[in-house]
Each structure stands twice: as structure tokens, then as C-alpha cells.
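Everything below concerns the one structure shown next.
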Number of protein chains: 2
Amino acid sequence: MTENNGNSERPTARAGRPGQRKRADAQHGAKERPSTIRDVARKAGVSVATVSRTLAGNYPVSDEARARVMAAVASLHYVVNVHAKALSGQVAGPVALVIKDITGPSLAHVAAGVEQEAADRGRLSLVCATHDDATREDALVQLMREQHAAAVLLVGGVVPDAAYERRTIGYAKALDAAGSRLVLVGRPAPAPDLPVTVVDYDNRGGAFQATSHLLASGHRRVLFLGGETGLSSGDERRAGYRDALRAHGAGQAEELDTEGTYTRASGYARTRDAVRAGLDFTAVFAASDMVALGALAALREAGLDVPGDVSVVGFDDVPFATDLTPSLTTVRVPYEELGRTAVRLALERERSLGGEEHVVLGTQLVIRQSVRRVDW
Amino acid sequence: MTENNGNSERPTARAGRPGQRKRADAQHGAKERPSTIRDVARKAGVSVATVSRTLAGNYPVSDEARARVMAAVASLHYVVNVHAKALSGQVAGPVALVIKDITGPSLAHVAAGVEQEAADRGRLSLVCATHDDATREDALVQLMREQHAAAVLLVGGVVPDAAYERRTIGYAKALDAAGSRLVLVGRPAPAPDLPVTVVDYDNRGGAFQATSHLLASGHRRVLFLGGETGLSSGDERRAGYRDALRAHGAGQAEELDTEGTYTRASGYARTRDAVRAGLDFTAVFAASDMVALGALAALREAGLDVPGDVSVVGFDDVPFATDLTPSLTTVRVPYEELGRTAVRLALERERSLGGEEHVVLGTQLVIRQSVRRVDW
DNA sequence: CTGTGAACAGAAAACGTTTACTGCATCCAT
DNA sequence: ATGGATGCAGTAAACGTTTTCTGTTCACAG
């Protein structure tokens, strides 16, 4: 095997001059190479150091030199190259938002919060969609490591199984080693003592509020249109629903405690089936506004009035909740705040030590017109 | 004045060794510096060139060396530094989406299209919100120049006045000089022969379709809830409305041709006022679904049934259009396709010459339940 | 044996910045 | 006059890669 010569102090022999790019002739029609700090220095008749200092403004430069530099910068349309700047240590990494899909009404608000907070702190935001593909998520985390992202935000519901734990632990360690902070938004922490920030909201409490509102309005039999069992937010909301039933001494009817997906179609189908099966209920608590939308449609088709015959509460407070007929009583989730908080926490501890950090944001019941008080 | 010495061939004198960062002691609690290709080379007992070649896989490397490199990479958690890679010319720039606000239902879909197409082509997407602030837009374009973005997408409605033209021309030239491509999405090109790509959709044709549908359904007096005069999309849609009236030989009643903002509130107020003023109309064409939403609410409050008493058509086909009561007949705009096309066009001509390029995407009338045929 | 070519490894030059040193006037206090 | 600040400018190292040269080794044909 060839020995790797450890001697780094050899004379600078005049070796070949590789230089992978050649300066195009500018006349030739091909794109001109953008000008560099050296071009500016040459044109202004000063050294590159002076140009750099003029632009950074962190070191005294004579008015004469400054003026000539500025003129050269303007005439050459010079802009600093971030990569070079970053390499010499002067650029803070971007914030990366890794999300299932940006178009969902709630996720879009998380994204907006992230972008705002990042921009307020002078950072750029990268957004990447996973479309629920774990392989893609792996690839994106790896990519963000290369990008030296200051924070990597993994957003959105997840089934907290063994595979999730394993992957997330790997992410946390890998990102930490690369100087990035992993932030889980609306996801559970897979293990204690991981270098990770967790920002979540109170699914269980929100569901408790919603269900309690129905019970306090006199309803006794509340159809629950829950999300997938196994999905963290789904389980939490279900738990909140059951907490409320228990707390108010209402019976827990198994046939009213349904599960499905967070889609309009699922809400529609389950409500339709419940009505057809002749189930006895005077209220519906849908685990998301989309599900509530489906429920409203199914109830309307069945000739039932909302809130006249059946009261409905949703979860999320999507923007159009106020525009439905009737406007939807629902649980407001501070999505934008969620995004802002995630970025804030990650960047605040950017240069400090690892370790866990956990924040849970509260939810708020928004009372509109889809619930009627019933008296017995 | 000091002469800038042009002679670059002087012997490499051993000058002071600045070195702005020192390698932390790793034990010390402070973040470890991420490992570099040199660390890997040292650990694997090979040269940096071999490590680079192993990872790039574009040059023969012995199995023995490859194995040792891979082992070192794994044990050091090495990831390549993009900035260094970019500096040596190996990284393609990101796609930058500069947008008023991501949370709007239509803009979110544009963003999703952009992200998808960019990801399909192995690019990252930066998103930045301007919140309609021209100063911020200027700053962002400048920033994207520094970032060496491959494409900068400026999205969304705009008042095409002199200031807009001046700024956009400046953007186009500056970005072109930096090797980036400016793409205007849903905005008019400010001048011919600019290095710019324009992707728009057929506002006028869509409005024509919508209005024609109402006229063909027997309606004669159509209240138009237009957008701001001066805003490009607003003027276009208004023109389409008038085209249709002319084409069908329907009279143009000035009091039915209103203008306002693209908001629910504006739609609500204008419809309420029209009803109160006793205006004679049997149909409403709202220049956006949000406006239609307001109109529906105002009509309902006035005790008018949709589509029984008044028919309504919107514009945009936002996701919830199908969930309204009645579901909304509207003009579908291919927002996602808009985003995809913008990225595709920009990247396809990435290395080719400047010059203009213009694409207009079609719209499609989606017939649902908010329009009733009337016979006389 | 010796010449030839293939396969593989290493040294070092870019890439474009920032900034630690060094150096040179100039000015002011002694 | 002299010594020390002070203000400003230039030189070149370092940041972490990629890739061009320049070997060196080795197999094999002549």
C-alpha cells in the first residue's frame, strides 16, 4: 500500500495548474462569469481586503478608497458569493421545514409562521415536502445536514412506532453532530435525553374542551369521529374526548367512539353510516374540521338540521370554518405560533449545548353556531 | 496612493498564519466542529483526493481504499460541506419563491407546485414572503442574487404601474447578470426583450367562460364583484366579463359592474349593498372564491336562496368550494401547474441564453350547484 | 528482461471570501 | 528630536471541496 506522506512542509513546487473553469470570453454570447471581489479590487485600484472591509463596514477605510470601491461595485454589479462567505465562516445556516405537504390549511400556517420567524431573524427558509414517504424524509434530513441548516423542523402527525423512534433518534444525533438542531413539531419525542426540541400543542386538552362544551350544553350522546388509532394526535384527541365523558359522568358508548382518517370523506362516510344504523346521538365531535365538513354534508343529506337536530364541533379552526353554514364551533390550534416557536427555540439555543426542550402550546375553543343548547 | 502589485508569481513566503477558527478541544462541552474530508482521509489513511473520488464515484478507487473510506465516513459522521462543494463549482443553485403570503389557498398550491418540480429536478426551494412590501421584495431579490439561485419566482397580483416596471426591469437585469433567471408568475412582463420568463393564466378567458355560463343559463343581469382596478388580474377578469356581455348581446349595466378587493369582506359588503339598493340582478359573478363566499353570506342574510333566487359563480376553485352550501360553480385555475411550469421553464433554459419566454395556461369552468338555469 | 499501458493514489491549484498580521505614514505628547 | 499611538492599506493563510497533473505499481506482451 502506498504510504501517505505526512510531511506537509515541502517547498511549493510549481505543479500543474488544474483550474477546472476557464474564464469565458464575454464577447462570445455565453453567460459572463459573475464578477468577484478581485475584479472589484482591480477596478478600484485597491486590495481585496479593502473591498471586503468597505462592504462589511467593520474596519476603518478612507473616504477616498470607499468611494472608488463603491463605484467599482456598482459598475461591475458585484454581489458577494455566499458560498465563499459561508466557507470563511460568516453565514448563518437556513431553517429547513420538512413537511408532508404545504397545501393543507393548517400546515400552510405552520409554514408561514416558520418563514416569518426565520425572516425576522435574518434566516432563509427551505421547504421540502415528504408526501409521507419515510425514505424521502431520510434523504431530506441528510441533505439538510449538508446544507448546514441551523434547524430542521419535522412537522406533522406520525405513528409513534419503533421504526419512528429509531429513525428520529438517528436524525437527532446526526443533526446534532453536524451542528443542526432537530425540532419536532406536533410529534412526540422518541426518547428522553436526545438533542431535540419538541413543540406540540394540547391535543388532549383541546378535545376535552370541545367535548366538555357539548356536554355542558346538555348533550349526552356525542358521536366521536376520531382520527387513526396509532397516530399520536389521533390518540390524544380520543383521550381528551374520553376524559370529558368521564369528568361529566356521561356514559361511554363504544359504538359512538369511532376511528378513521382525517379526511372529509371519512367524516362523511362515518356520519352517514351512523345515521343509517339508527345510532342515538345529538352531537358530533369531529377530530378535525375536514372531518366535520364531511359530517355536515352527511347530516344535511339525511335531512338533519345543524344545530337544530344535531350539534357539531370540529378541531383545527381552518380559515373557512367561519364560512360554513352554520359556522363551525371548533378548537383553535395556534399553527402559526407553532411554527414561530419552533424556529425561535431552535435559533435561541443555536450555539449552546444539546439536551432536550419541550414546549406545549394551548388550544382554544371558538364558539360559533354549530352547537345548540338542549334542555331536558 | 499605494500601488496594487499585479505580480502574482511571487514565492510563497511563510507569512503569519491567521486562521480565524481554532479547533475546540471536543472534551470541553462546546459543540464539536463537524469533521471534514481531511479528517476522513487521515482516519482512513488515504489522501483527500481518494476520499472525494470514493464519495463521488466518478473515478476508479480500489476496494480496499473504498472500504476504509466508507468506514471512516461512517465513524466520523462525515457529510460533505455544500459551501465548499459549491465553491468548487459542483452545486446547482436553489429555486427561490418570492411570494406575498403562503397561506392563501391558491398561493399555497403554487408553492406546492414549485416545490415538487424543484425537488423532481434535485433542487431545493427557498420561500420568502414579502407581505406586499416592495422594499422587502428588493431586498429579497438582492439576497437571491447572493444565494446564486437558479431561478427567482415572483408570484402574484401586482399593479403594473411605472414603479413596477422600473423595479422589475432592474430585477431582470441584475438577476441575469448573476446567472439567475427571473420568472414572473401571474404578473405581466414590464417590457419586451427582457431576460425573463413569464407564466400566467388566462384571467380574461376564465372570466369570459364564467360569465358566458351564466348568460347561457338564461341570466341577463349579472352582478360583477370585480377586483381592484389597476391590479392586472382584476382588469383582465373585468375585461372577460364585459367580453361575454358583449358577445351574448346582454346590456352592460354600469351599476352591476363593481370593484373592490379580493376579500370575503368586500364581497359581503358589495352584495349586501346591492341588495339593499334594490338592484335588479339574478346572478353574481365574483372575481374570486373568497369574494363569492362573502356574496353567499350576504345573500343568505337577505333571505335569498342560492341558486333558487340568485345564481353565483366564483373564480379560483379553492379546495373548499366543493364544501359550501350550495357547492360553488367556479373557474379552476391550475395553480400547481403554474408553479411547476415556472420552475420547469426556468431550469430548462438554465445554461442557455437570455431572452423572453411567455406561457399562458388555460382555465376551466367547474360546474357545481350554485347556478340555476332560468327560462323566460 | 524490457517496454507499454492500465489502474490507482497523492500533491496541490483553484473556487471567492474574511481577517490576523505586518507595515507605513502621520500626529501628538514628551 | 524621539517614542508611541493611531489610522489605513496590503499580504496571504484558512475555510473544505473537486479535479488536473504527476507519479507509482503491476500485469503482460514482445
Side-chain angles (χ1 to χ4, degrees), chain A residues 1-8 10-23 33-41 44-56 58-66 69 78-91 146 148, chain B residues 1-5 7-8 10-23 33-41 44-56 58-66 68-69 78-91 146 148:
Chain A
M1 193 190 333
T2 321
E3 271 294 306
N4 188 357
N5 189 339
N7 176 12
S8 60
R10 42 177 51 194
T12 303
R14 188 147 310 282
R17 334 183 90 245
Q20 52 266 43
R21 264 163 314 295
K22 34 191 147 184
R23 201 162 289 231
R33 213 181 41 61
S35 43
T36 74
I37 198 174
R38 234 176 297 272
D39 299 330
V40 175
V46 299
S47 71
V48 293
T50 300
V51 176
S52 177
R53 293 198 268 246
T54 301
L55 297 177
N58 55 5
Y59 194 84
V61 171
S62 68
D63 289 346
E64 147 104 31
R66 182 190 323 283
V69 167
Y78 170 76
V79 268
V80 52
N81 179 323
V82 257
H83 298 302
K85 196 169 183 169
L87 204 51
S88 90
Q90 309 311 310
V91 175
E146 293 180 12
H148 290 232
Chain B
M1 191 189 339
T2 321
E3 272 292 307
N4 188 357
N5 189 338
N7 176 12
S8 59
R10 42 177 51 194
T12 304
R14 190 147 309 283
R17 335 182 91 244
Q20 53 265 42
R21 263 164 313 293
K22 35 190 145 183
R23 201 161 290 229
R33 215 183 38 62
S35 42
T36 73
I37 198 174
R38 235 176 296 272
D39 300 329
V40 174
V46 299
S47 71
V48 293
T50 300
V51 176
S52 177
R53 293 198 268 244
T54 301
L55 297 177
N58 54 6
Y59 194 85
V61 171
S62 68
D63 290 345
E64 148 104 31
R66 182 191 323 282
R68 295 170 56 185
V69 167
Y78 169 77
V79 268
V80 53
N81 179 322
V82 258
H83 297 302
K85 195 170 183 169
L87 202 52
S88 91
Q90 310 311 309
V91 175
E146 293 180 11
H148 290 237

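Reminder, nothing fancy here: chain letters follow the sequence lines and each chain counts from 1.
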From the options D:dT17, C:dT17, C:dC8, select the nucleotide whose nearest atom is closest to the side chain of A:A84.
C:dT17
Can you find a side chain N or O atom of B:S88 that sits less than 4.0 Å from OP1 or OP2 on C:dA14?
no
Nearest-Å distance for atom pair NE2/C1', residues A:H148 and D:dT17
11 Å
Do A:V80 and A:L55 come within less than 4.5 Å of each other through their side chains, counting heavy atoms only?
no
Can a donor-acceptor pair be found, under 3.5 Å and without considering hydrogens, that links the side chain of A:R66 to the backbone of A:T54?
no
Using a 4.0 Å heavy-atom cut-off, does A:V61 contact any base of the nucleic acid, only the sugar-phosphate backbone, or nothing at all?
sugar-phosphate
What is the distance, rounded to the nearest whole Å, between atom CD1 of B:I37 and atom C1' of C:dA11?
14 Å
Heavy-atom nearest nucleotide on DNA chain D for B:V51 versus A:Y59: which residue maps closer to 5'?
A:Y59
Considering only C:dT18, C:dC15, D:dT11, which nucleotide approaches the side chain of A:K85 most closely?
C:dT18
A:V48 side chain near A:T36 side chain, heavy-atom distance below 4.5 Å
no
Measuring only between side-chain heavy atoms, which start at C-beta, is B:P34 closer than 4.5 Å to B:V79?
no
Can you check whether A:S52 has a side-chain N or O nearer than 4.0 Å to OP1 or OP2 of C:dT18?
yes
Regarding A:V80, tell me which of base, sugar-phosphate or nothing describes its non-hydrogen contacts under 4.0 Å with the strands shown.
sugar-phosphate
Quick check: on DNA chain C, is the nucleotide nearest B:S62 upstream (toward 5') of the one nearest A:H83, or the reverse? Name the residue that is more 5'.
B:S62
So which atom in A:A41 and which in A:S47 form the shortest heavy-atom distance, rounded to 0.1 Å?
CB-C, 3.8 Å
Between B:N58 (CG) and D:dT18 (C1'), how many Å, whole number?
9 Å
Grab the CZ-P distance between B:R38 and D:dT17 for me, whole Å please.
8 Å
Check every strand shown and say whether A:A86 touches a base, only sugar-phosphate, or nothing at a heavy-atom separation below 4.0 Å.
nothing
Among D:dT19, C:dG16, D:dT11, find the nucleotide with the atom closest to the side chain of A:A49.
D:dT11
Atom CD of B:E64 to atom C1' of C:dC8: distance rounded to whole Å?
12 Å
On DNA chain D, compare the nucleotides closest to A:D63 and B:V79; which residue's is nearer the 5' end?
A:D63
In whole angstrom, give the distance that lies between atom CG of A:L87 and atom C1' of C:dG16.
9 Å
Please give, in whole Å, the distance from D:dC8 P to A:R53 CZ?
11 Å
Heavy atoms under 4.0 Å, any strand shown: does A:T50 hit a base, just sugar-phosphate, or nothing?
sugar-phosphate
